[in-house]
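Structure, as structure tokens:
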2 protein chains.
Amino acid sequence: MNKDIDEKLKSKKIKPTAMRQLVLEVLMEHKTAISLPELEQKFERADKSTLYRTLKTFQENELIHSVEDGTGSLRYALCDDFCTCEPKDLHVHFLCTKCNKTYCFHEMPIPIPELPEGFEFESANFVVKGICANCRKKSTKNH
Amino acid sequence: MNKDIDEKLKSKKIKPTAMRQLVLEVLMEHKTAISLPELEQKFERADKSTLYRTLKTFQENELIHSVEDGTGSLRYALCDDFCTCEPKDLHVHFLCTKCNKTYCFHEMPIPIPELPEGFEFESANFVVKGICANCRKKSTKNH
DNA sequence: TTATGAATGCAATTGTGTTGCAAAGATTGA
DNA sequence: TCAATCTTTGCAACACAATTGCATTCATAA
């Protein structure tokens with residue numbers, strides 16, 4: 001079993017069960033944010049609620065964050081190493097309307113707008129939609 | 001029946017049926033964005049799928065826009081008079097985590113970030129979460 | 001008036017998220 | 001080492017929003 005995985009779990013104080021190791025492995029291999037149903041399909045035979053609770057645990061311990069990308073299902077992605085899921089760690093996400101993948105733009109912080117009098121900021125969800133670089137390339141290749 | 005309502009429908013080329021007049025009336029009275037289940041509750045006896053299709057029609061004809069506010073259900077709100085639901089008309093929405101209302105900040109356009117090479121912008125959904133002015137007032141009153 | 005298309009109402013289905021509960025597994029203290 | 005306890009997992013069931021099929025009703029135009 002990959003050493004990286006156990007260390008990542010340990011650093012977030014998550015008990016490294018076999019299931020959690022497997023889920024984290026999938027999350028690390030997957031370059032884009034993944035939904036619960038998608039995660040389910042990555043396993044031959046795994047229980048939905050176990051995966052669900054695994055993701056919840058990961059999220060509570062700030063190993064992953066979730067994105068409401070408007071596809072109807074929440075998507076989850078690994079946090080950066082020093083992410084503590086505070087406003088400073090919020091970043092833009094990009095949903096490709098062609099391949100339906102959701103990218104984390106970790107290096108692109110969400111701009112915090114000046115709110116009207118009396119409104120108090122807590123968090124934000126910023127999803128840009130369009131065509132990703134990969135799909136763009138494909139669509140212009142045979143042209 | 002309110003003259004405003006018929007004119008609004010007419011200007012968007014929507015046939016003014018009784019149902020549509022009623023739904024638009026509710027949308028105009030409601031100051032915040034409303035979801036399909038919420039809309040359903042505004043009527044004694046109205047069919048879900050009719051309301052659903054009414055909202056779809058309104059949206060296709062750019063009378064209303066939808067927000068994915070992360071509450072699990074899409075919310076709909078009236079567009080500004082000259083809105084054509086293009087990128088220029090995109091604006092920030094605010095979800096109050098206390099009263100669960102979603103506000104349109106029509107005067108606050110969504111900042112369009114510089115995307116990485118090859119990514120193409122189409123649309124965006126920007127939802128700020130926090131405490132709204134109304135809830136803030138309430139919570140500091142008896143203090 | 002009749003033929004046509006649009007709108008509505010009802011029932012059923014899909015898909016995602018969530019919970020209850022019992023079994024299995026891990027941990028701790030005697 | 002064993003028993004008691006807590007955690008995790010697997011299965012079943014449920015809640016809820018969104019969506020579709022189909023028959024009926026309604027509006028419109030020939």
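The model shown is predicted, which means the values in this text are computed figures rather than measured ones. The chains referred to below are lettered A, B, ... by the order of the sequence lines, with proteins before strands, and numbering in each begins at 1.
Proximity of B:Lys31 to B:Lys101: side-chain heavy atoms (C-beta onward) are nowhere separated by under 4.5 Å.
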Listing, residues 52-60 of chain B side-chain donor-acceptor contacts under 3.5 Å, not counting sequence neighbours, or none:
residue : atom : partner : partner atom : Å
B:Thr54 : OG1  : B:Thr50 : O            : 2.7
B:Thr57 : OG1  : B:Arg53 : O            : 2.8
B:Gln59 : NE2  : B:Ser66 : OG           : 2.9

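Relative ring orientation between A:His65 and A:His93 is described as tilted, the plane-to-plane angle lying within the 30° to 60° band.
A:Ile131 belongs to no hydrophobic cluster with other residues, because no ILVMFWY side-chain heavy atom falls under 4.5 Å from its own, directly or through intermediates.
Separating the NZ atom of A:Lys56 from the C1' atom of D:dT9 is a distance of 18 Å, rounded to the nearest angstrom. The separation between B:Gln21 atom CD and C:dA7 atom C1' is 14 Å, rounded to whole Å. Whole-Å rounding puts the A:Asp47 CG to C:dG17 P distance at 15 Å. To the nearest angstrom, P of C:dT8 lies 13 Å from CZ of B:Arg45. D:dA12 atom P lies 16 Å from atom CG of A:Leu51, rounded to whole Å. The separation between A:Gln59 atom CD and C:dT18 atom C1' is 14 Å, rounded to whole Å. Distance A:Leu55 CG to D:dT8 C1': 15 Å, rounded to the nearest Å. Distance, A:Leu9 CG to D:dT7 P: 18 Å, rounded to whole Å.
Residues passing the side-chain hydrogen bond (donor to acceptor under 3.5 Å, both in side chains) test with B:Ser11: none are found, sequence neighbours excluded.
Under the 4.5 Å side-chain heavy-atom criterion for grouping Ile, Leu, Val, Met, Phe, Trp and Tyr, B:Ile110 is connected to A:Phe119 within one hydrophobic cluster. Under the 4.5 Å side-chain heavy-atom criterion for grouping Ile, Leu, Val, Met, Phe, Trp and Tyr, B:Val127 is not connected to A:Leu115 through any hydrophobic cluster.
Distance from the side chain of A:Met19 is smallest to D:dT9 among D:dA18, D:dT9, C:dT18.
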Pull out every protein N or O sitting under 3.5 Å from an N or O of nucleotides 20-27 of chain D, one pair per line with the distance.
residue : atom : partner : partner atom : Å
D:dG21  : O6   : B:Arg53 : NH2          : 3.2

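Within 4.0 Å (heavy atoms only), A:Thr17 reaches sugar-phosphate atoms of the nucleic acid but no base atom.
Taking 3.5 Å as the limit, the base of C:dG17 and the side chain of A:Lys48 contain a donor-acceptor pair of atoms between them.
For the contact set between residues 67-75 of chain B and DNA chain D, defined by any heavy atom under 4.0 Å, the members are B:Gly72, B:Ser73, B:Leu74.
Between A:Phe94 and A:Phe126, a ring centre-to-centre spacing not shorter than 6.0 Å is recorded.
Within the structure, side chain to side chain donor-acceptor pair (under 3.5 Å) contacts touching residues 104-118 of chain A (residues at least two apart or in different chains) do not occur.
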